[in-house]
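Worksheet for the structure shown next.
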Amino acid sequence: MPDPTPPAERPLNFIEQIIEADNAAKKWGTRPDGTPRVHTRFPPEPNGYLHIGHAKSICLNYGLAARYGGRFNLRFDDTNPAKEEQEYVDAIKADVRWLTSAFGEGHSFDAGPHAGGLYWASDYFQQMYDYAVALIKAGKAYVCELNAEEVAKRRGSPSVPATSPFRDRPAEESLRLFDEMRAGKHPDGSMTLRARIDLASPNFNLRDPVLYRILHEEHHNTGRKWCIYPMYDWAHGIEDSLENVTHSICTLEFENHRPLYDWFMREISAALGGARGEGEGTGPSSPGGRAVWHSQQIEFAKFRPTYTVLSKRNLLKMVQDKLVSGWDDPRMPTISGLRRRGYTPRALRAVCEEVGTTKVESFIDLGRIENAVRDHLNKIAPRAMGVLRPLKVVIENWPKGTVEELDFVINPEDPGAGTRKVPFSGTLYIEREDFMEVPAKKYFRLALGDNPPEVRLRWAYFIRATGVVKDADGNVTEVRATYDPATRGGDAPDGRKVKGTIHWVSAEHARQVEVRLFDRMFSAEQPGERTGNWIDDLNPNSLETVRAMVEPIVATAKAGDVYQFERLGYFTADRDSAPGAPVFNRTVTLKDTWAKAAAKE
RNA sequence: AGGGGAUUGGUGUAACGGUAGCACGACUGACUCUGACUCAGUUAGUCUAGGUUCGAAUCCUAGAUCCCCUGCCA
């Protein structure tokens, strides 16, 4: 299903403006069919689960490829074997597959529209090594035998340059040592390969950054083949280059790295005998004569929702400390958590599109994300009746033993969805909050009071309360009521109106199911902002489990099925569901202006 | 301190020297067999101070505030 708002109907964001200017100039060349090349990528490190911030990046990158008839790569930036795991690789693949249509079924990652393919940084290790050797030969890199502590000590300050006694080591010596590093002749941390750039730069990224460190670790892809691993800055631009990525989109904190990104591309090209070239541009076939493809890095501001923590470290802690049931706990801001909760890819794409793409660091109201899923589910979710906190209603004048089948509109937003039959009898469950012994002002539901109002049971009959039964503590355990047989179906032949319509379930036919109700995970807009510790703002009531009464058809739901329980919200069957015994996650409530007004009192 | 970014209603964004607009929220009201949805209306903004200009959110000068940078993480 196509997304609702075609991107063409809104102004271009700053990245689209760059791309359109590039396309007009044919900066990146054209495809065989004449389309200007646009090639983006999503480059996660497989060291954690993807969250909604990553979803923004995926939607941005994939959306750009789709909009401009380009290609989109999924690339694992697996350059640090100490932190990366297969579990994360699998989860990330599933998430990207779910969120985009870039990839085909099964194991195919290059079959969908605009799919560029699946790539691994680790597949480029040899090429990266060769480039490093070229840089050493060109006098642009050297082996440094300072350990991490010494490097930190010699880092200098903005006004004091860094130092390294190994900086002017002859290239032959660096070459030999680099080869020994690769051959495993030196222990972890004993030496590094560093670029020779500028030890006095106010941009610390340029103070002879490390290209390679020694890490005797098993890599999930390359096993024991390598014991030196490239650092992010060295690796990333090469990855983009080898994949002929045009626009390498990343987040704001990498702005300071861009000079380094460009330096690497220029110097690799020069070391290989090509033109150095200034700034980003195209590759070997271009008039400039660069020896390597030079992508353009562009930075944008992260997607940060309120009432949420997003850092991998904190999410990992929530999992490890069992604050949640796992990475895909429906309260988690992970893509897998949102999916399990019942969010749809389209809703996520819609909200990413709505908030736009800029360089301004801002917070997105969590409510916006909730609205996006309401919008989508409203159109597609079949309606059903379920009662979260049941209160029994006995209709005194109902003919004993009679059961009727009433017509229920499946989705008023979708007339084609039709109707189905719902059983009705003289004993029902209604929502506890849909009855008041003494009605509040403007309360339109079932009530006693001086003048008990008539209310409609959705698609059924008008009823009026006549009394209550209470337990020893004075709690209402049952409401007595009478119905008007002439109002069958929910309309009065004499045209009289009611103020309230409430949902119900026939007690005799009701099925009990588990329903998990979620509230926001944190009670502060910015967890930890006030106290300094995000854990302090954890909402202790973020999960409530109830036994709900639902109409029979709901009990047949399978994992992933979604219903709107009328007047309550959208509920998606969890993977914990068993045949005939579904477990529902409340994806999101419906808007409730009465609850809002009542809360103000 | 040095470097790199950012600043427009409550929130998110547009306007690229020429009427400060859109979306979300909030508030009113209409509609309604979901207090939902939908529809209509209202609300409210250019960080500050100077300057250039017929005209400044936009250009200039000075300042303020916030974010990022001294990992062999990405």
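Quick note on labels: first sequence line is chain A, next is B, and so on, each numbered from 1.
Classification of Asp198(A) and Arg207(A) as a salt-bridged pair fails, no side-chain N sitting under 4.0 Å from a carboxylate O. Looking at Asp240(A) and Arg75(A), a side-chain N of the basic residue comes within less than 4.0 Å of a carboxylate O on the acidic one, giving a salt bridge. Arg169(A) has a carboxylate O that lies under 4.0 Å from a charged side-chain N of Glu145(A), or vice versa, which qualifies the two as a salt bridge. Comment: Lys302(A) engages Glu253(A) in a salt bridge, judged by a side-chain N to carboxylate O separation of less than 4.0 angstrom. Salt bridge annotation for Arg67(A)-Glu16(A): present, with a cationic side-chain nitrogen under 4.0 angstrom from a carboxylate oxygen.
The partner of G45(B), taking Watson-Crick or G-U wobble pairs whose two distances both stay under 3.5 Å, does not exist in any strand shown. In this structure, C59(B) and G51(B) make a Watson-Crick or G-U wobble pair, each of the two defining distances being under 3.5 angstrom. Under the Watson-Crick or G-U wobble criterion, with both distances below 3.5 Å, C66(B) is paired with G5(B). Across all strands shown, G12(B) pairs with C22(B); the Watson-Crick or G-U wobble distances both stay below 3.5 Å. If you check C39(B) for Watson-Crick or wobble pairing at under 3.5 angstrom, you find it paired to G29(B).
Side-chain atoms of Gln296(A) and Tyr261(A) form no donor-acceptor pair, as typed in the model, at a separation below 3.5 Å. A side-chain donor from one of Asp208(A) and Tyr142(A) sits under 3.5 Å from a side-chain acceptor of the other.
His236(A) comes within contact range of no nucleotide atom at all, as no heavy-atom separation falls under 4.0 Å. Among the protein residues, Pro412(A) comes within range of the nucleic acid bases, having at least one heavy atom under 4.0 Å from a base atom. Among the atoms of the strands shown, none is found under 4.0 Å from any heavy atom of Thr306(A). Residue Ser159(A) is classed as having no contact, given no heavy-atom separation below 4.0 Å to the nucleic acid. Within 4.0 Å of Asp77(A), counting heavy atoms only, lie sugar-phosphate atoms of the nucleic acid but no base atom. When heavy atoms are screened at a 4.0 angstrom cut-off, Gly569(A) is found touching no nucleic acid atom at all. Within 4.0 Å (heavy atoms only), Tyr443(A) reaches at least one base atom of the nucleic acid. Among the heavy atoms of the strands lying under 4.0 Å from Glu566(A) is at least one base atom, whether or not backbone atoms are also near. Among the heavy atoms of the strands, none lies under 4.0 Å from Lys499(A). In this structure, Gly490(A) reaches the bases: a heavy-atom distance under 4.0 Å links it to at least one base atom across the strands shown. Contacts of Pro161(A) with the nucleic acid, taken as non-hydrogen atoms under 4.0 Å apart, are absent. Contact annotation for Ile502(A): no contact, since no heavy-atom pair falls under 4.0 Å across all strands. Base engagement by Asp491(A) is indicated by at least one non-hydrogen atom pair under 4.0 Å involving a base atom. Counting any heavy atom pair closer than 4.0 Å across all strands shown, Asn147(A) reaches a base atom.
You won't find any donor-acceptor pair under 3.5 Å spanning the side chain of Asn203(A) and the base of G2(B), going by distance alone. Judged by distance alone with a 3.5 Å cut-off, no donor-acceptor contact links the side chain of Glu354(A) to the base of U13(B). In this model, no side-chain donor or acceptor of Asp365(A) finds a partner on the base of C24(B) within 3.5 Å.
Phosphate contact (OP1/OP2 of U32(B), side-chain N/O of Thr501(A), threshold under 4.0 Å): absent. Within the structure, every side-chain polar atom (N or O) of Ser201(A) is placed at least 4.0 Å from both OP1 and OP2 of G3(B). Arg207(A) has no side-chain polar atom (N or O) that falls below the 4.0 Å cut-off from OP1 or OP2 of C72(B). Using a 4.0 Å cut-off, no side-chain N or O of Asn13(A) falls inside it from OP1 or OP2 of U13(B). An OP1 or OP2 oxygen of G35(B) is reached within less than 4.0 angstrom by a side-chain nitrogen or oxygen of Arg567(A). A sub-4.0 Å separation between OP1 or OP2 of G4(B) and a side-chain N or O of Lys359(A) is absent. Between Arg458(A) and the phosphate of A36(B), there is no side-chain N or O to OP1/OP2 separation shorter than 4.0 Å. The phosphate of G5(B) (OP1 or OP2) has no side-chain N or O of Arg258(A) nearer than 4.0 angstrom. Phosphate contact (OP1/OP2 of U13(B), side-chain N/O of Thr358(A), threshold under 4.0 Å): present. Between Gln17(A) and A15(B) there is a side-chain polar atom (N or O) within less than 4.0 angstrom of OP1 or OP2. At least one side-chain nitrogen or oxygen of Lys596(A) sits closer than 4.0 Å to the OP1 or OP2 atom of C27(B).
Anti is the glycosidic conformation of G5(B), whose angle departs from 0 by more than 90°.
In this structure, the aromatic ring of Trp594(A) is positioned over the six-membered ring of the base of G35(B), centres within 5.5 Å and planes within 30°. Stacking between Phe444(A) and the base of G35(B) is present: ring centres sit under 5.5 Å apart and the planes differ by under 30 degrees.
Contact annotation: the side chain of Phe444(A) never approaches that of Trp594(A) to less than 4.5 Å [non-hydrogen atoms, C-beta and beyond].
When each of Gly500(A) and Ile214(A) is assigned the nucleotide of RNA chain B with its nearest heavy atom, Gly500(A) is the one assigned upstream, toward the 5' end. When each of Arg213(A) and Asn205(A) is assigned the nucleotide of RNA chain B bearing its nearest heavy atom, the one mapping closer to the 5' terminus is Asn205(A).
Atom CZ of Phe300(A) is separated from atom P of C68(B) by 17 Å (rounded to the nearest Å).
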